[in-house]
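Worksheet: the structure to be examined is printed underneath.
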Amino acid sequence: GGYLETWNSRQAYIALGFLLETAALLGIDATPMEGFEPARFNEILGLTDHSAVVVAALGYRSVEGDWLTKLPKARLPKEENIENG
């Protein structure tokens, strides 16, 4: 794509960042997805003057049947991830 397409896709990622943060603040699960077929997505959505760049799924997880929710979370202490100075 050209400059305009590149700029537009960057704008979409800025909006995506706000979407993901807002969803998290509201307790809504969200995940961005790439690897889809934009042309097919455009066709399904009837997009002619625009094109899909990224997709995000939003919703609430089901804890029933999700074996991952019972596993302990593995997170490094913040002192190992954040450096002041």
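The residues of the chain are indexed from 1 along the displayed sequence. All heavy atoms count here, side chains included; hydrogens, waters and symmetry mates do not.
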Kindly give the heavy-atom pair with the smallest separation between Ala52 and Phe36, and that separation in Å. CB-CE1, 3.7 Å
Mind checking whether Leu25 and Phe18 sit in one hydrophobic cluster, side chains of I, L, V, M, F, W, Y counted as touching below 4.5 Å? no
Minimal non-hydrogen separation, Asp29 against Arg61, with atom names: OD1-NH2, 2.5 Å
Could you give the distance from OH (Tyr13) to CG (Leu19), rounded to the nearest 0.5 Å? 13.0 Å
Find the distance between CD (Glu43) and OG1 (Thr48) and round it off to the nearest 0.5 Å. 12.5 Å
As an exercise, state the distance from CG of Leu45 to NE2 of His50, rounded to the nearest 0.5 Å. 12.0 Å
What's the spacing between Thr22 OG1 and Leu58 CG if we round to 0.5 Å? 10.0 Å
Close side-chain approach of Val54 and Met33, heavy atoms under 4.5 Å: no
Answer yes if Leu26 and Leu16 sit in the same cluster of Ile, Leu, Val, Met, Phe, Trp and Tyr residues linked by side chain heavy atoms under 4.5 Å apart, and no otherwise. yes
Verify the neighbour count for atom NZ of Lys70: are there more than 12 heavy atoms of other residues, nucleotides or ligands below 6.0 Å? yes
Locate the shortest heavy-atom distance separating Ser9 from Val53; write the atom from each residue and the value. CB-CG1, 3.6 Å
Who passes side chain to side chain contact (heavy atoms under 4.5 Å, CB included) against Pro77, sequence neighbours left out? Glu79, Glu80
Identify the heavy atoms of Leu20 and Ala30 that sit nearest to each other, and give their distance. CD2-CB, 3.7 Å
Rounded at 0.5 Å granularity, tell me how far CD in Glu37 sits from CD1 in Ile44. 9.0 Å
